[in-house]
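Here is the structure we will look at.
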There are 2 protein chains.
Amino acid sequence: MRVHYKHTSRILLALDCIIFGFDGEELNLLLIKRNFEPEYGKWSLMGGFLGEQEDLEEASRRILYNLTGLDSNYLEQFQTFGAVDRDPVERTVSVSYYALVNIEEQDGNAIRAHNASWISLKNRPALIFDHDSIVDAALQRLRYKAALHPLGFELLPEKFTIPQLQKLYEAIYDTSLDRRNFSRKILSTGLLQSTGEKDANSVTKKAQLFTLNTEEYLKFQNGFFNFLPELTLAESI
Amino acid sequence: MRVHYKHTSRILLALDCIIFGFDGEELNLLLIKRNFEPEYGKWSLMGGFLGEQEDLEEASRRILYNLTGLDSNYLEQFQTFGAVDRDPVERTVSVSYYALVNIEEQDGNAIRAHNASWISLKNRPALIFDHDSIVDAALQRLRYKAALHPLGFELLPEKFTIPQLQKLYEAIYDTSLDRRNFSRKILSTGLLQSTGEKDANSVTKKAQLFTLNTEEYLKFQNGFFNFLPELTLAESI
DNA sequence: TCAAAAGTGTTTAAAGTACACCCATGA
DNA sequence: TCATGGGTGTACTTTAAACACTTTTGA
């Protein structure tokens, strides 16, 4: 016979994934238009319940994989939400993870099957439950962390140009950066590896394509670094 | 009749508090020597289960208050732990909070009643379950955040000297800092307010006592700032 | 008057910032 | 040949880092 704790109530434990993608211009969220109850027809984050034999990260990877067909992306737990009435159906505590996804690599079929779409972060519709505030918190965390760690690359294709990287940072912080200083700062990290190739899509002068120097990248994941000129993050963790 | 989600299992949800204190020399943890089962006689973090009508932060404040008699201190959620076998009695997911406590202000009686003691972080005994790794994670988070935000003050008495503050940072990072540069850096933030008084305890030249400029402090909580000369944090969030 | 700790100053190096100029490309 | 965007350079300012000297205190 298994022993159990007494006099304590058990509760539903959900996981919600905030999935960020970058389309070259804007930061996007992968959202689901619900074709199931409750809140049929409304938009929500991708979520699910914790399985009996699953770790938290394992469960959120499962959710991410089912939706996007991706399994090896940047995924980080960032906050657990547990307001008593956050879910009107039944009390549910949500452990939230945010994911950074290369928008070109995900599986369009899996996404359509889940009735999901990429939606511009700026123009997103209202979401169900407390998902709006979860998204706000995830964006704050992304902004905070991306200023100090080289996360941005996770949102770009394997080969990318410095102007693309800059556009990404500008989208994350909803700001504009000086081209010349940004370039110098990024190059000085040693994170970029030249491929010798050039971006064929460009209309004017073609920018050089770089890949990430994975060795340096792993070092930088732990140490940290300022990726922005002025650290004027309005809000932070 | 209330609606419920189907086909999903409910789970125990605990909260664990990692309570940091500073005694003037070392960083300390408030730990409990358990006089109850399971793991009778072993050391653990202070924890408890989520009440049916409690928010997460509310519950962890309750736990903190019961133990220390303090209610208004720095308390921040930092990570949720959910490995399947982390609690051998029954599966339990733990939402963990770390707290910064002014060691002089807590309630000695409440602490003794819970069989708790302040234990040096460096020389702490092994803890039950996964509490060792929770403490490691909390220390990492504290180090990360204290380098960029003025948290340290929460661990000091209302009136404190710059050398005391420096000792605190040296304890947090287990390092030594240059007195002169540290002093200049701290003063340049405008966070300190002179009281005109001097530290009577000092044996040699008496250092000035400062209080926190709460107005500036609130600004800095959001913006951020480097409190250390070299940001060589071995590990981070 | 001496040792120990606090307080202030200075010099140098590195980083951040704001610019200007030239180059490649396709219409 | 012109507009657009990419690439490189430079001068200026701010901040960080390393270091030396003076002051206060109680024994």
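Convention: sequence-line order gives letters A, B, ...; per-chain numbering from 1.
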Inset, instruction - Estimate the overall bend of the helix from C:dT1-D:dA27 to C:dA27-D:dT1 from the end axes over five pairs each, rounded to 10 degrees. - result: 0°

Legend entry - side chain to side chain contact (heavy atoms under 4.5 Å, CB included) against B:L212, all qualifying residues, sequence neighbours excluded: B:F153, B:L191, B:Y217

Legend entry - Partner residues of A:E57 under the salt bridge (Lys or Arg N to Asp or Glu O under 4.0 Å) criterion, sequence neighbours left out: A:R61

Legend entry - For B:F22 against B:L156, the heavy-atom pair lying closest together: CD2-CD2, 3.9 Å

Legend entry - For B:E215, salt bridge (Lys or Arg N to Asp or Glu O under 4.0 Å) partners two or more places apart: none

Legend entry - Donor-acceptor pair (no angle test) under 3.5 Å: A:R179 side chain, D:dG5 base: no

Legend entry - Modelled atom types, side-chain donor and acceptor of A:D16 and A:S94, under 3.5 Å: yes

Legend entry - Close approaches to DNA chain C from residues 186-194 of chain B, in residue order (heavy atom, under 4.0 Å): none

Inset, instruction - Check for a donor-acceptor pair, side chain of B:Q166 on one end and backbone N or O of B:P163 on the other, with a separation under 3.5 Å. - result: no

Inset, instruction - To the nearest 0.5 angstrom, please state how far the CD1 atom of B:I162 sits from the CG atom of B:D199. - result: 12.5 Å

Can you give the donor-acceptor pairs under 3.5 Å from side chains of residues 203-210 of chain A to other protein atoms, not counting sequence neighbours?
residue : atom : partner : partner atom : Å
A:K206  : NZ   : A:S202  : O            : 3.2

Legend entry - Side chains of B:S176 and B:E170, donor plus acceptor under 3.5 Å: no

Inset, instruction - With sequence neighbours left out, write down each residue that passes ring pair (Phe, Tyr, Trp, His ring centres under 6.0 Å) with A:F20, or none if nothing qualifies. - result: none

Legend entry - B:F160 CZ - C:dA6 C1' separation (whole Å): 16 Å

Legend entry - For A:Q77, all residues meeting side chain to side chain contact (heavy atoms under 4.5 Å, CB included), sequence neighbours excluded: A:L56, A:T80, A:V95, A:Y97, B:Q79, B:T80

Inset, instruction - Write down the distance between CG (A:D199) and C1' (C:dT25), rounded to a whole number of angstrom. - result: 13 Å

Legend entry - All salt bridge (Lys or Arg N to Asp or Glu O under 4.0 Å) counterparts of B:K42, not counting sequence neighbours: B:E39

Where do N or O atoms of nucleotides 9-14 of chain D meet protein N or O atoms at under 3.5 Å, pair by pair?
residue : atom : partner : partner atom : Å
D:dT10  : O4   : A:R184  : NH2          : 3.2

Inset, instruction - Would you kindly give the CD-to-P distance between A:Q164 and D:dG5, to the nearest whole Å? - result: 14 Å

Legend entry - Contact list for residues 115-126 of chain B, test salt bridge (Lys or Arg N to Asp or Glu O under 4.0 Å), sequence neighbours left out: B:K122-B:D174, B:R124-B:D132, B:R124-B:D136

Inset, instruction - Specify the separation, in whole Å, of atom CG of A:L165 and atom C1' of D:dG6. - result: 15 Å

Inset, instruction - Scan residues 202-213 of chain B against DNA chain D and write down, sorted by residue number, each residue with any heavy atom closer than 4.0 Å; if none is found, say none. - result: B:V203, B:T204, B:K205, B:K206

Legend entry - Between P of D:dT15 and NZ of B:K185, the distance in whole Å: 11 Å

